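Worksheet: the structure to be examined is printed underneath.
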Amino acid sequence: MLFQVGGQGTRPTFFEMAAAQQLPASLRAALTYSVGVLALRRPFLHRVLDYEDEFFAFLMLVLETHSLRTTDASFSESLYGLRRRAVKVKVQKEDARLSPGDEFHYSGLEKRQKVLSVVFLVVLPYFKSKLHAIYNREREARLQATLWGDSGERFDDADIVDRGDGSGVSRGSFDAEASVRTRLAKKIQKLIGACYPWVHASSEGFSFAYQMLYLLDATGFYSLGLHVLGIQVCRATGQELMDTSSRISKTRSRERERLRGPPWLKAVQGALLSGTYTVLDYAQTGLIAAVFFFKMMEWWYQSAEERMSAPTIYPPPPPPPSPQVAKEGIPLPSDRTLCPLCSQKRANPSVITVSGFVFCYACVFKYVTQYKRCPVTLMPANVDQIRRLFHDV
């Protein structure tokens, strides 16, 4: 079974796993773009963009925790009807080696696995994003130092503070008093700039290797993180969906029974719990639906603006009518290659711009110099309106 395109069985296809893995990154890009557009009208939203990593990590922490707590699946996996299951291998006692007859037994996630899943889904991507930002800043600083030199080593007249007594104090002396914390931060940034490419390449290499093995049906783990946690992703059956709904209802009923206090306080607490449950239940589909709706409206209005702002394309104007031959003018020969003045084949063909007729250069130059007009149309002309033609058509 090389490619599970049909999607039969409990094992998800490669395309389902790839879509579930790429959903958080796509959601972040859409949210960042949406907040950026809204920030054009509400400048206070720029603060959200300044702490983009923190806000998105907090949002995903809430969504992933709630999803793992209620459905044993991540935020994106639950949207595709997938569930996480702890893997336990049953091995024959007489042979400790894994054989084709051995079976995989799946069970629900333990609390430790749920916590570590949140770490792999939220915490590690957050730190990776921060390390990537630090690496980009360090790379830009190195590029700037390569092009313009180190700003700390440049020394010019602006670095001298002139005193009244004529003595000068270099600003470099103040740099020597930099705090240990600043110097340590610079060293850490340089260390990250040197090590991050190797760490990133290793991470991407392991990810590619596991995805290729999963595609070839050589392993049941889609990523290194799932392998470390001993978790495989499976399709949820109808019975599992019903059991999940029943378990959620029982858990919420017990939480409502634990409420203490006067009746009015219980009513307020119950309303808050109901509101929280509603927000969490519809946060996944509602968030994605809102982003898609916003993107659709943005595309709709952008298309309308492009249609309104696009330049109007008019048809080309028709060519002007050909000039009429004057009755007193020189008639045109039947052979278009002949000069109307000398009735010979044109030599050095030249055109009079006021009429467009072509003559020999010597003939038309002599005629226009003497009569100040076109020989055919008798329109006024001068020698400055004679143009040489380098291809006689």
Side-chain angles (χ1 to χ4, degrees), residues 15 18-19 22-23 25-43 45-46 48-49 52 136 140 143-144 147 288-393:
F15 304 102
Q22 294 297 326
L23 182 60
S26 302
L27 179 62
R28 175 173 181 171
L31 286 176
T32 302
Y33 179 81
S34 304
V35 174
V37 173
L38 294 176
L40 297 177
R41 294 176 177 259
R42 301 291 186 268
L45 292 177
H46 285 289
V48 178
L49 296 177
E52 172 189 348
N136 286 336
E140 292 176 0
L143 179 61
Q144 185 177 5
L147 296 176
I288 295 179
V291 171
F292 275 103
F293 177 76
F294 181 84
K295 292 293 292 182
M296 184 189 67
M297 296 300 297
E298 190 272 337
W299 168 81
W300 178 269
Y301 285 110
Q302 184 178 4
S303 301
E305 292 177 358
E306 289 178 354
R307 290 194 299 267
M308 295 177 62
S309 61
T312 304
I313 301 177
Y314 297 99
S322 59
Q324 299 295 328
V325 179
K327 294 181 180 181
E328 295 81 5
I330 298 175
L332 295 175
S334 57
D335 188 357
R336 295 297 182 90
T337 63
L338 301 180
C339 173
L341 291 174
C342 63
S343 299
Q344 301 294 327
K345 188 173 179 63
R346 289 190 294 262
N348 294 331
S350 301
V351 63
I352 300 180
T353 58
V354 295
S355 62
F357 290 104
V358 183
F359 310 88
C360 297
Y361 179 76
C363 298
V364 71
F365 186 85
K366 182 178 179 180
Y367 185 92
V368 172
T369 302
Q370 181 178 358
Y371 296 102
K372 307 294 183 184
R373 65 185 183 184
C374 173
V376 179
T377 62
L378 303 182
M379 298 174 62
N382 54 57
V383 294
D384 294 334
Q385 295 173 326
I386 299 175
R387 297 290 184 271
R388 289 282 308 277
L389 298 178
F390 295 96
H391 296 282
D392 187 12
V393 181

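The model shown is predicted, which means the values in this text are computed figures rather than measured ones.
Annotation: side-chain hydrogen bond (donor to acceptor under 3.5 Å, both in side chains) contacts of N382 (sequence neighbours excluded): none. Remark: R41 pairs with no residue by the side-chain contact (heavy atoms from CB on, under 4.5 Å) rule, at least two apart or across chains. Not counting sequence neighbours, the partners of R28 by the salt bridge (Lys or Arg N to Asp or Glu O under 4.0 Å) test are E52, D53. With sequence neighbours excluded, the residues forming a side-chain hydrogen bond (donor to acceptor under 3.5 Å, both in side chains) with D335 are T337, listed by chain and number.
Residues L332 and P340 are in side-chain contact: their nearest non-hydrogen atoms beyond the backbone lie under 4.5 Å apart. Within the 4.5 Å cutoff, no side-chain heavy atoms of Q344 are placed close to those of C339.
Contact detail for G36 and L49: the closest heavy-atom pair is CA-CD1, 3.9 Å. Considering every non-hydrogen atom in both P323 and T377, the closest pair reads CB-CG2, 3.9 Å. Smallest separation of non-hydrogen atoms from V383 and V368: N-CG1, 3.7 Å.
Atom CZ of residue R346 and atom CZ of residue R336 lie 9.5 Å apart, to the nearest 0.5 angstrom.
For the pair R387 (side chain) and D384 (backbone), a donor-acceptor distance under 3.5 Å is present.
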Let me have the donor-acceptor pairs involving side chains of residues 350-362, under 3.5 Å, with sequence neighbours excluded, atom names and distances please.
from : atom 1 : to   : atom 2 : distance (Å)
S350 : OG     : N348 : O      : 3.3
T353 : OG1    : Q385 : O      : 3.3

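Taking a 6.0 Å sphere around CZ of R42, one finds it holds 12 or fewer heavy atoms contributed by other residues, nucleotides or ligands.
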